[in-house]
Chemist: 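Got a structure for you, written out below as structure tokens; questions coming shortly.
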Amino acid sequence: MRTDFQNVLVEHDESVVTLTMNRPDMLNAINTLMLEELTEAVEAAALHDTIRCVVLNGAGRAFGAGQDLTEFSSAHAGSQPLNVSEHLVKYHRLILAIRHMPKPVIAAIQGVATGITLNIALACDIRIAADNARLREGFAFIGLVPDGGGGYTLPRLVGLGRALEMALLAEDISVAEAERIGLVNRCVPLAELEKMTSALAKQLANGPTRTYELIKELMYKSLDMDLQASLHLEGQLQEAAYATEDHQEAVDAFLHKRAVKFTGT
Ligand code: T3D
């Protein structure tokens with residue numbers, strides 16, 4: 001996997017890879033290069049069997065300030081207007097790469113997380129936020145509708161009423177409120193964000209990775225199914241889980257009163 005990106009740092013720690021959005025002087029505002037690099041890194045992480053958990057975070061004092069607005073401004077000023085659909089396809093590829101990742105993805109959020117950057121975090125499986133986090137569905141703030149999957153993920157996480165409130169008002173939500181409404185999973189002191197994220201990532205990386213992939217498929221696909229279809233899918237996926245080495249290992253470890261050791265297979 002490439003590690004020589006300009007706007008994304010890639011750090012391996014055993015079977016965890018951390019991808020850091022790295023434009024701290026601009027609060028990690030996402031420009032075209034960062035978007036392309038982040039997408040490449042996420043897609044590469046999906047393919048490496050040795051990577052069993054992915055962490056996404058931001059360098060400096062913010063998780064990310066959304067789309068780089070200087071790029072929008074240049075497009076508005078130029079003779080060639082931005083082709084919005086073509087532009088969005090690039091974001092969609094990233095969102096789908098995160099959602100289809102066959103292992104857990106954690107977003108570790110500190111400081112500002114707004115607009116498209118918040119919606120990238122919403123595509124991740126688990127969000128840990130520092131107590132200084134400020135989360136804002138900030139699209140209406142610049143006269144846009146939520147994109148990057150926000151219209152799909154936000155109401156599913158917090159319910160339609162709160163999603164509409166967040167999208168219409170485009171105001172900061174404190175992390176305490178975000179935790180209360182289920183926008184983030186855990187709130188931790190800023191000084192402990194890195195340590196707690198690393199501990200959770202290692203716990204997940206040492207888990208039954210293939211089963212995690214099946215769990216993600218069950219949960220995410222069931223969102224768009226009725227009960228009957230979800231039960232059918234559950235049967236298919238349980239058959240696959242039942243056949244994993246990790247399932248056999250866990251049952252054997254329990255019966256022999258020894259510690260379980262998952263290999264991810
Ligand atoms: O393309 C698509 O369709 C995708 C969708 C995109 C839409 C969105 O992402 S909507 C959200 C867009 N983002 C924003 O509206 C946030 C704009 N930024 C701010 O409102 C403020 O910067 C913050 C409230 C986030 C933080 O304020 P503060 O006072 O802590 O920091 P600051 O001084 O404003 O920012 C530090 C620097 O980052 C500053 O540059 P400078 O003056 O030091 O040279 C600032 O201009 C730059 N910066 C912050 N956000 C962006 C940015 N530069 C470009 N684009 C940004 N989004």
Side-chain angles (χ1 to χ4, degrees), residues 21 26-32 34-35 38-39 42 56-58 61-73 75-76 81-100 105-187 219-224:
M21 294 175 282
M26 298 181 82
L27 308 184
N28 305 317
I30 300 182
N31 63 0
T32 304
M34 186 197 283
L35 176 57
L38 190 55
T39 306
V42 169
L56 177 63
N57 64 15
R61 68 182 170 97
F63 182 70
Q67 165 70 32
D68 182 338
L69 297 180
T70 61
E71 278 195 350
F72 271 3
S73 158
H76 280 303
L82 181 73
N83 183 323
V84 176
S85 300
E86 277 178 19
H87 168 71
L88 277 183
V89 163
K90 294 185 184 161
Y91 275 113
H92 296 170
R93 182 169 158 187
L94 172 62
I95 296 298
L96 290 171
I98 294 171
R99 262 300 161 96
H100 294 155
V105 187
I106 302 171
I109 301 166
Q110 91 284 9
V112 167
T114 188
I116 186 67
T117 317
L118 175 62
N119 287 351
I120 290 170
L122 299 189
C124 298
D125 303 313
I126 294 180
R127 283 155 292 284
I128 304 187
D131 51 11
N132 76 337
R134 293 152 55 195
L135 302 109
R136 192 201 303 168
E137 188 70 351
F139 294 81
F141 180 71
I142 57 162
L144 293 180
V145 303
D147 60 26
Y152 181 93
T153 49
L154 190 59
R156 282 169 168 78
L157 280 167
V158 301
L160 182 60
R162 287 192 200 284
L164 278 167
E165 186 181 8
M166 281 182 64
L168 294 172
L169 297 180
E171 290 174 348
D172 283 349
I173 305 250
S174 73
V175 73
E177 176 70 354
E179 188 181 30
R180 194 180 69 77
I181 65 177
L183 189 64
V184 302
N185 299 78
R186 298 180 190 179
C187 167
M219 295 285 176
Y220 288 134
K221 282 194 175 159
S222 292
L223 284 176
D224 303 314

Chemist: Are side-chain heavy atoms of Leu56 and Cys124 found at a separation under 4.5 Å?
Modeler: yes

Chemist: For a 4.5 angstrom cut-off between non-hydrogen side-chain atoms, does Glu171 reach Arg134?
Modeler: no

Chemist: Flag the pair Leu154 / Leu183 as yes when at least one side-chain heavy-atom distance between them is below 4.5 Å, and no otherwise.
Modeler: yes

Chemist: Could you tell me whether a side-chain N or O of Thr117 sits under 3.5 Å from a main-chain N or O of Ala113, the two making a donor and an acceptor?
Modeler: no

Chemist: Do the side chain of Gln110 and the main chain of Ala133 share a donor and acceptor less than 3.5 angstrom apart?
Modeler: no

Chemist: Can you tell if the side chain of Leu157 reaches within under 4.5 Å of the side chain of Leu122, non-hydrogen atoms only?
Modeler: yes

Chemist: Between Ile116 and Phe139, is the side chain to side chain contact (heavy atoms under 4.5 Å, CB included) condition met? List the steps.
Modeler: CA-CA 8 Å; Ile116 186 67; Phe139 294 81; 4.3 Å; yes

Chemist: Looking only at heavy atoms, what is the nearest atom pair of Ala170 and Gly138, with distance?
Modeler: CB-CA, 4.0 Å

Chemist: Within the distance-only criterion (no hydrogens, no angle test), does the side chain of Thr114 pair as donor or acceptor with the backbone N or O of Ala65 below 3.5 angstrom?
Modeler: no

Chemist: Please test Met34 against Met26 for side chain to side chain contact (heavy atoms under 4.5 Å, CB included), starting from the C-alpha separation and ending with a verdict.
Modeler: CA-CA 12 Å; Met34 186 197 283; Met26 298 181 82; over 6 Å; no

Chemist: Side-chain contact, heavy-atom cut-off 4.5 Å: Thr39 with Tyr91?
Modeler: no

Chemist: Do Glu137 and Asn119 have side-chain atoms, one donor and one acceptor, less than 3.5 Å apart?
Modeler: yes

Chemist: So which atom in Val184 and which in Ala129 form the shortest heavy-atom distance, rounded to 0.1 Å?
Modeler: CG1-CB, 4.0 Å

Chemist: Measure the shortest side-chain to side-chain distance between Leu82 and Phe72 over non-hydrogen atoms and say whether it is less than 4.5 angstrom.
Modeler: yes

Chemist: Where do Leu135 and Ile109 land on the side chain to side chain contact (heavy atoms under 4.5 Å, CB included) test, with the steps shown first?
Modeler: CA-CA 9 Å; Leu135 302 109; Ile109 301 166; 4.1 Å; yes

Chemist: Below 4.0 angstrom, N of the basic side chain to O of the carboxylate: do Asp125 and Arg99 qualify?
Modeler: no

Chemist: Quick one: does Ile30's side chain get under 4.5 Å of Asp68's, heavy atoms only?
Modeler: no

Chemist: Okay, side chain of Asn28, backbone of Ala62: is any donor-acceptor separation there less than 3.5 Å?
Modeler: yes

Chemist: Test your reading of the model: is there a side-chain donor-acceptor pair from Asn57 to the backbone of Ala108, 3.5 Å cut-off?
Modeler: no

Chemist: Identify the heavy atoms of Ala121 and Ala107 that sit nearest to each other, and give their distance.
Modeler: CB-CB, 4.0 Å

Chemist: Is there side-chain contact between Met21 and Leu38, with heavy atoms separated by less than 4.5 Å?
Modeler: yes

Chemist: Determine, for Tyr152 and Arg156, whether the Lys NZ or Arg CZ falls below 6.0 Å from the six-membered ring centre while staying within 45 degrees of the axis.
Modeler: yes

Chemist: Excluding sequence neighbours, so at least two apart, what forms side-chain hydrogen bond (donor to acceptor under 3.5 Å, both in side chains) with Asp147?
Modeler: none

